[in-house]
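Notes follow the structure.
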Amino acid sequence: MNQQAISQQAISQQAIAQQTTSSDYRVHNFCAGPATLPTAVLQKAQQELLNWQNKGVSVMEISHRSDEFAQIAHNAQNNLKHLLNIGDDYQVLFLQGGASLQFSVVAMNLLHGVADYLQTGLWSKKAIDEAKRYQSLGRIHVVASGESYNYTTIPDSQTWQLSDHADYFYYCPNETVHGLYLPKPPQVTAPIVADMSSCLLSAPIDVNQFGVIYAGAQKNIGIAGLTIVIIHKQLLGHANAICPTTQNYTQQANCASMVNTPPTFAWYMTNLVLEWLIEQGGIDAIYAQNIAKAERLYRFIDGSDFYANHVDKRFRSLMNIPFRLADDRLNDLFVANASLQGLLNLQGHRSVGGMRASIYNALNQQAIDDLIEFMTTFERQNA
Ligand code: PMP
């Protein structure tokens, strides 16, 4: 390298170092979860961190039983009800333990005879395996499985072996790992339990069609540590005796989700995200953006011989877009080069490999444009 090239390289490295150490440096983060948050939300939290509402303490340092925290809890509940049009016949709970804990909690609260499960990918499979630990309470019946299709499609509902009087029908509308999305709830008679961890608040839903909706917060709702449960009040009061108090939906409902100390900071962050979402124009507005972002990326992938998405087009996720390169040996190079361009966390889930772009609400159109530009260049250099 000649002297001029060396000094130019030094200048650009210095520029990158200056950029990355600046307090407002942000990349496009395609992580499946914990996922990117709206910058405005992080800024608000940063601004309020030391001195929350002129109290001289942070929100993390106040009692969950204080009037101040009660106000946050109340606002979060109201904002969620407003965004999803949740009626008074539903109870909203703000719980801890992550979405995975709900795999057991659902069974402990609702299983008495038989429960139907639709197996469409890794997360519903995990829920089935976990629920099977409670066979002493009732039978876990898998109505259909997409495993033989490598979870690239949903088995035709005509083939599902539904039970006559199931306590509930369980499914995962958006399989985060496989990028498989069932936008409409299935036509079944049992109350529907839906793990919406990676799709709640990304698209309109009719809550009245569900018995229980739950979601871990760390994708579209807030940060890890909080799980939202929306449950029809008719399903309360049926928990099995083995259910711990902290996991009992009815007892949590009776205590405004404060049987014990809740994850207060995560709850506060969720309220900031909900306020942000309302400012964006609510679910319909964000849904329109989500469709535009996903369509653009799918169109690009489908138009290329170098990249491929194998999911049945009827069931493609708007939130998680897995794709493969023509040659898997290029995966590491792709991820490394993308990171250098400020496009982070594009590697697929370890169970399936390949790539995955998780494009939740907070990821803007610019991120998609930049990703496509990078993918175009990478293809040109490596095809
Ligand atoms: N369900 C789905 C659909 C998920 O995507 C995830 C996490 N990626 C989980 C459940 C598990 O969430 P947690 O780690 O909070 O238990």
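Order of listing sets the numbers, starting from 1, for every ligand and every atom in it. As a basis for the values below, the full set of heavy atoms in this structure was taken, side chains included, without hydrogen atoms, waters or symmetry mates. Throughout, numbering of the chain's residues begins at 1 and tracks the sequence. Since the structure is predicted, the reported quantities are computational estimates derived from the model, not experimental observations.
With distances taken over non-hydrogen atoms, the option nearest atom 16 (O) of ligand 1 out of A32, G98, S100 is S100. Of the candidates N174, T176, L101, T176 brings a heavy atom nearest to atom 5 (O) of ligand 1.
Interface atoms of ligand 1 facing C172, defined by a heavy-atom separation under 4.0 Å, are 3 (C). Heavy-atom contacts of S197 reach the following atoms of ligand 1: 1 (N), 2 (C), 3 (C), 4 (C), 10 (C) (cutoff under 4.0 Å).
By the 30° and 60° cut-offs, the orientation of the rings of H28 relative to F30 is perpendicular. Ring planes of Y170 and Y214: tilted class, angle from 30 to 60°.
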Under 3.5 Å donor-acceptor pairs involving side-chain atoms of residues 135-144, not counting sequence neighbours:
| residue | atom | partner | partner atom | Å |
| --- | --- | --- | --- | --- |
| H141 | NE2 | Q161 | O | 2.7 |

Mind listing the side-chain donor-acceptor pairs of residues 111-119 below 3.5 Å, one per line with the distance, residues two or more places apart or on another chain?
| residue | atom | partner | partner atom | Å |
| --- | --- | --- | --- | --- |
| H112 | ND1 | N240 | OD1 | 3.4 |
| H112 | NE2 | H238 | O | 2.6 |
| D116 | OD1 | S163 | OG | 2.6 |
| D116 | OD2 | S163 | N | 2.8 |
| Y117 | OH | Y168 | OH | 2.8 |
| Q119 | NE2 | S145 | OG | 3.3 |
| Q119 | NE2 | Y151 | OH | 2.8 |

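Looking at G97 next to ligand 1, no N or O pair under 3.5 Å apart turns up. Between S198 and ligand 1, no N or O atom pair is found at a separation short of 3.5 Å.
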Practice task
Let me see the working for S124 and E175 under side-chain hydrogen bond (donor to acceptor under 3.5 Å, both in side chains), right down to the final yes or no.
Solution key: CA-CA 8 Å; S124 48; E175 286 281 1; 2.6 Å; yes
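Contact of the T176 side chain with the M319 side chain is not registered, since no non-hydrogen atoms from C-beta on lie closer than 4.5 Å.
Atom 1 (N) of ligand 1 has as its closest protein heavy atom D195 OD2, 2.6 Å. Regarding atom 14 (O) of ligand 1, its nearest protein heavy-atom neighbour is Q218 NE2, 3.7 Å. Atom 12 (O) of ligand 1 has A99 CB, 3.4 Å as its closest protein atom, hydrogens excluded (heavy atom only).
Contacts between K219 and ligand 1, counted as non-hydrogen atom pairs separated by less than 4.0 Å, involve the side chain only.
By the 6.0 Å contact criterion, CZ on R350 is open, its count of non-hydrogen atoms from other residues, nucleotides or ligands being 12 or less.
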